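Right, one structure below, let's go through it.
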Amino acid sequence: MATKSTISEVSNHVGQEVTIGSWVNNKRSSGKIQFLQLRDGTGYIQAVVVKSEVSEEAWEAAKSLTQESSLYITGLVREEARSQSGFELTVTGIEIIQVAVDYPITPKEHGVDYLMDHRHLWIRSPRQRAVLIIRAQIIRAVQKFFDDRGFRLVDPPILTPSSCEGTTELFHTKYFDEDAFLTQSGQLYMEAAAMALGKVYSFGPTFRAEKSKTRRHLIEFWMIEPEMAFTDLEESLVVQEQFVSYVIQYVVANCRKELETLERDIPKLEAIQAPFPRITYDEAIVFLNENGFEIPWGEDFGAPHETAIAEKYEKPVFITHYPTKIKAFYMKPDPNRPEVVLCADMIAPEGYGEIIGGSQRIDDPELMEERFKEHELSTDAYQWYMDLRKYGTVPHAGFGLGLERTVAWICGLDHVRETIPFPRLLNRLYP
Ligand code: 4AD
Ligand code: MG
């Protein structure tokens with residue numbers, strides 16, 4: 001019996017016979033030799049079947065293989081400098097598991113809707129595989145960054161009785177006899193956790209019933225939400241720029257092959273190092289109005305505004321101190337200028353838009369009460385949140401990084417639909 005191996009581990013078996021569970025990616029033949037392009041999830045390898053060196057049975061088996069057929073391939077591992085993986089298999093045996101008939105995704109071009117309908121198969125393709133690997137490495141980098149810096153991972157609930165980011169984008173459901181919502185953000189609970197553990201972060205799915213059909217919006221997306229006690233906006237910005245630089249450099253160091261598969265401009269990523277530039281909302285308004293936009297003070301920015309601002313920089317840029325009126329109820333007003341809040345959005349370069357939203361939080365109980373009234377939020381549902389201001393309130397700040405927009409930026413993808421295994425989009429719940 002040959003040793004069982006994976007494609008990623010064949011380098012440990014040069015000169016030996018191995019068996020690899022695999023799928024057929026592609027095949028070509030030149031009369032007396034068949035070349036099988038195989039994949040097993042860990043990598044790609046070419047297996048060479050020479051008619052004169054295998055049994056009649058194995059030769060016929062190879063001939064019957066189609067795209068995405070599954071098999072155990074047995075062969076001798078050889079170093080092969082000309083191949084992409086550096087190795088090749090000289091086949092000695094083939095055990096077919098299943099011959100796949102009419103695999104729906106062929107090497108020809110397919111439309112996006114067709115591919116999205118076949119997302120469960122599309123993820124087998126080299127580009128999609130590279131994206132999913134990078135996504136997994138980003139998650140690893142995120143956890144490493146915070147774990148190594150004294151932050152504790154805390155999981156906020158997904159079913160909640162109240163909203164965090166405004167009431168218009170909530171998914172409603174029943175919680176037995178009560179009304180409940182799918183969480184838009186774990187932030188409010190993370191504030192409670194910060195008062196218990198100091199520095200915390202969460203990583204989980206969030207939901208927005210937003211009727212937006214843009215290349216940056218998902219209905220279900222994953223967010224990383226750190227929250228820090230005894231921390232002001234300025235200190236939070238330093239954490240954010242170090243965090244994002246760390247994640248980018250981790251991916252560059254660990255995913256070079258995948259970035260190359262995606263034809264990503266790697267030097268552009270290598271240039272992402274803290275500190276990041278900062279401009280105030282006021283400065284951004286002046287810049288936009290001097291550069292072809294007509295936007296009055298007090299209006300929120302859309303994607304074109306963000307892109308115009310980001311184009312001035314090679315690195316992400318912080319836009320700080322937005323008008324109080326257009327931001328969430330929990331943001332702390334600037335003590336010197338209460339018409340703006342101590343907040344910042346981080347806008348990624350190359351047109352990828354806002355990847356982080358964050359702020360210092362209101363810590364004064366009376367002001368918090370006022371805000372609840374202004375925003376018509378029922379104080380009953382938020383009583384526990386008020387308690388955080390009543391029992392030992394402290395200055396605190398936090399932020400939320402959208403995972404999928406970060407994956408889109410790092411991978412250089414033009415749409416977030418390819419950044420998550422099974423995207424939930426406006427009008428798409430299948431597969
Ligand atoms: O700016 P947002 O709405 O901020 C919050 O939810 C805060 N409570 C976070 C906090 O301070 N703890 O969302 C944060 C980030 C955005 O910058 C964006 O990257 C991402 O989440 N995001 C989305 N990503 C994909 N699809 C959507 N519909 C998104 N909405 C927000
Ligand atoms: Mg935001």
Side-chain angles (χ1 to χ4, degrees), residues 135 138 142 146 151 154 156 160 162-171 181-194 199-228 231 233 236-237 239-240 243-244 247 281 300-303 305-306 310 316-320 322-323 326-332 341-348 352-362 385 396-410 413 415-420 423-426 428:
R135 179 185 168 103
I138 292 172
V142 165
F146 288 113
F151 286 71
V154 172
T160 63
S162 54
S163 93
C164 177
E165 294 298 317
T167 47
T168 52
E169 299 171 356
L170 281 169
F171 272 104
F181 308 98
L182 297 184
T183 186
Q184 296 169 304
S185 157
Q187 180 197 318
L188 307 187
Y189 295 96
M190 296 311 287
E191 290 182 51
K199 292 198 287 184
V200 293
Y201 73 103
S202 65
F203 173 54
T206 50
F207 307 85
R208 306 256 168 121
E210 214 173 334
K211 293 250 153 86
S212 301
K213 200 172 177 180
T214 80
R215 57 199 189 86
R216 295 173 181 172
H217 285 90
L218 288 161
I219 304 300
E220 177 181 305
F221 66 97
W222 289 65
M223 196 159 32
I224 291 99
E225 297 190 87
E227 193 70 33
M228 299 160 280
T231 299
L233 175 68
S236 173
L237 296 191
V239 174
Q240 292 174 43
F243 166 50
V244 170
V247 170
Y281 172 89
D300 205 357
F301 298 144
H305 304 115
E306 286 175 1
V317 53
F318 288 113
I319 306 178
T320 68
Y322 280 73
I326 56 172
K327 285 293 187 185
F329 74 91
Y330 52 72
M331 292 189 182
K332 186 180 172 82
V341 276
L342 300 174
C343 76
D345 284 354
M346 185 193 288
I347 316 296
Y352 287 95
E354 181 201 319
I355 52 169
I356 289 184
S359 68
Q360 193 169 332
R361 324 304 192 186
I362 292 175
Y385 189 66
H396 62 291
F399 60 93
L401 172 91
L403 177 63
E404 288 75 17
R405 290 191 192 171
T406 307
V407 175
W409 168 36
I410 294 179
L413 305 173
H415 201 295
V416 288
R417 67 185 159 224
E418 289 181 47
T419 62
I420 184 165
R424 297 296 168 238
L425 299 161
L426 199 61
R428 179 170 291 282

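Nothing here was measured: the structure is a model prediction, and the numbers come from that model. Indexing begins at 1, ligand by ligand and atom by atom, following the structure's order. Positions are given from 1 along the sequence.
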Exercise. Which one holds for V416 and ligand 1: side chain close, backbone close, both close, or neither close, with close meaning a heavy atom under 4.0 Å?
Worked result: neither
Seminar exercise, completed: heavy-atom search around atom 9 (C) of ligand 1 in the protein gives E225 OE1, 3.3 Å
Seminar exercise, completed: Closest non-hydrogen contact found for A193 with V154 is CB-CG1, 3.8 Å
Exercise. Do you see a donor-acceptor pair shorter than 3.5 Å between the side chains of Y330 and E165?
Worked result: yes
For this session: Answer side chain, backbone, both or neither: which part of M346 comes under 4.0 Å from ligand 1, heavy atoms only.
Result: neither
Problem set entry | E225 and S185: side chain donor to acceptor below 3.5 Å | yes
Exercise. When the ring planes of F207 and F171 are compared, do they come out parallel, tilted or perpendicular, using 30° and 60° as the limits?
Worked result: perpendicular
Problem set entry | Parallel, tilted or perpendicular: ring planes of F151 versus Y201, cut at 30 and 60 degrees | perpendicular
Exercise. Does some non-hydrogen atom of R361 fall short of 4.0 Å from ligand 1?
Worked result: yes
For this session: For S185, take its heavy atoms, then give the atoms of ligand 1 lying under 4.0 Å from any of them.
Result: 6 (O), 8 (N)
Exercise. Counting each atom of ligand 1 from 1 as listed, which ones have a heavy atom of F399 under 4.0 Å away?
Worked result: 10 (C), 11 (O), 12 (N)
For this session: Taking the Mg ion (ligand 2) as the reference point, name the nearest N/O/S atom of E354.
Result: OE2
Exercise. Does an N or O anywhere in S359 fall below 3.5 Å from an N or O of ligand 1?
Worked result: no
Exercise. If you measure every N/O of E227 against every N/O of ligand 1, is any gap under 3.5 Å?
Worked result: no
Exercise. Ligand 1 and E165, any nitrogen or oxygen pair closer than 3.5 angstrom?
Worked result: yes
Problem set entry | Interfacing atoms of ligand 1 (cut-off 4.0 Å, heavy-atom, E210) | 28 (N)
For this session: Identify, by atom number and element, the atoms of ligand 1 in contact range of R216, meaning under 4.0 Å from any of its heavy atoms.
Result: 25 (C), 26 (N)
For this session: State the CG-OG distance between L342 and S359, to the nearest 0.5 angstrom.
Result: 8.5 Å
Exercise. Under 4.0 Å from any heavy atom of G400, which atoms of ligand 1 are there?
Worked result: 9 (C), 10 (C), 11 (O), 12 (N), 14 (C), 15 (C)
Problem set entry | Residue pair Q184, T206: steps toward the side-chain contact (heavy atoms from CB on, under 4.5 Å) verdict | CA-CA 5 Å; Q184 296 169 304; T206 50; 5.8 Å; no
Problem set entry | N-O pairing of E306 and R216 below 4.0 Å | yes
Seminar exercise, completed: Restricting to heavy atoms, the pick from Q187, R208, E169 nearest atom 2 (P) of ligand 1 would be R208
Exercise. Side chain of S212, backbone of H217: donor and acceptor closer than 3.5 Å?
Worked result: no
For this session: Show which atoms of ligand 1 fall inside a sub-4.0 Å distance from at least one heavy-atom site of G357.
Result: 1 (O), 9 (C), 10 (C), 11 (O), 17 (O)
Problem set entry | Chi angles and distances behind the side-chain contact (heavy atoms from CB on, under 4.5 Å) call for L401, V247 | CA-CA 12 Å; L401 172 91; V247 170; 5.9 Å; no
For this session: Just jot down the ligand 1 atoms closer than 4.0 angstrom to any heavy atom of G402, in number order.
Result: 15 (C), 19 (O), 20 (C), 21 (O)
For this session: Examine F146 together with F243 and report whether their ring centres are nearer than 6.0 Å.
Result: yes
Exercise. Does any donor atom in the side chain of E191 or Y385 lie under 3.5 Å from an acceptor atom in the other side chain?
Worked result: yes
For this session: Identify, by atom number and element, the atoms of ligand 1 in contact range of Y330, meaning under 4.0 Å from any of its heavy atoms.
Result: 7 (C), 8 (N)
Problem set entry | Heteroatom distance test (F221, ligand 1): nitrogen or oxygen, under 3.5 angstrom | no
Exercise. Hey, does M223 come in under 3.5 Å of ligand 1, counting only N/O atoms on both sides?
Worked result: no
Exercise. Hey, is ligand 1 close enough to G358 that some N/O pair sits below 3.5 Å?
Worked result: no
Exercise. Out of E354, R424, R405, who gets a non-hydrogen atom closest to atom 17 (O) of ligand 1?
Worked result: E354
Exercise. What's the shortest distance from atom 28 (N) of ligand 1 to any protein heavy atom, and which residue and atom give it?
Worked result: L218 O, 2.9 Å
Exercise. Going from CD on Q187 to OG on S202, what distance comes out if it is rounded to the nearest 0.5 angstrom?
Worked result: 9.5 Å
Exercise. After noting the C-alpha distance and the side-chain angles of E220 and R208, does the key distance pass the salt bridge (Lys or Arg N to Asp or Glu O under 4.0 Å) rule?
Worked result: CA-CA 7 Å; E220 177 181 305; R208 306 256 168 121; over 6 Å; no
Exercise. Heavy atom of I355 under 4.0 Å from ligand 1?
Worked result: yes
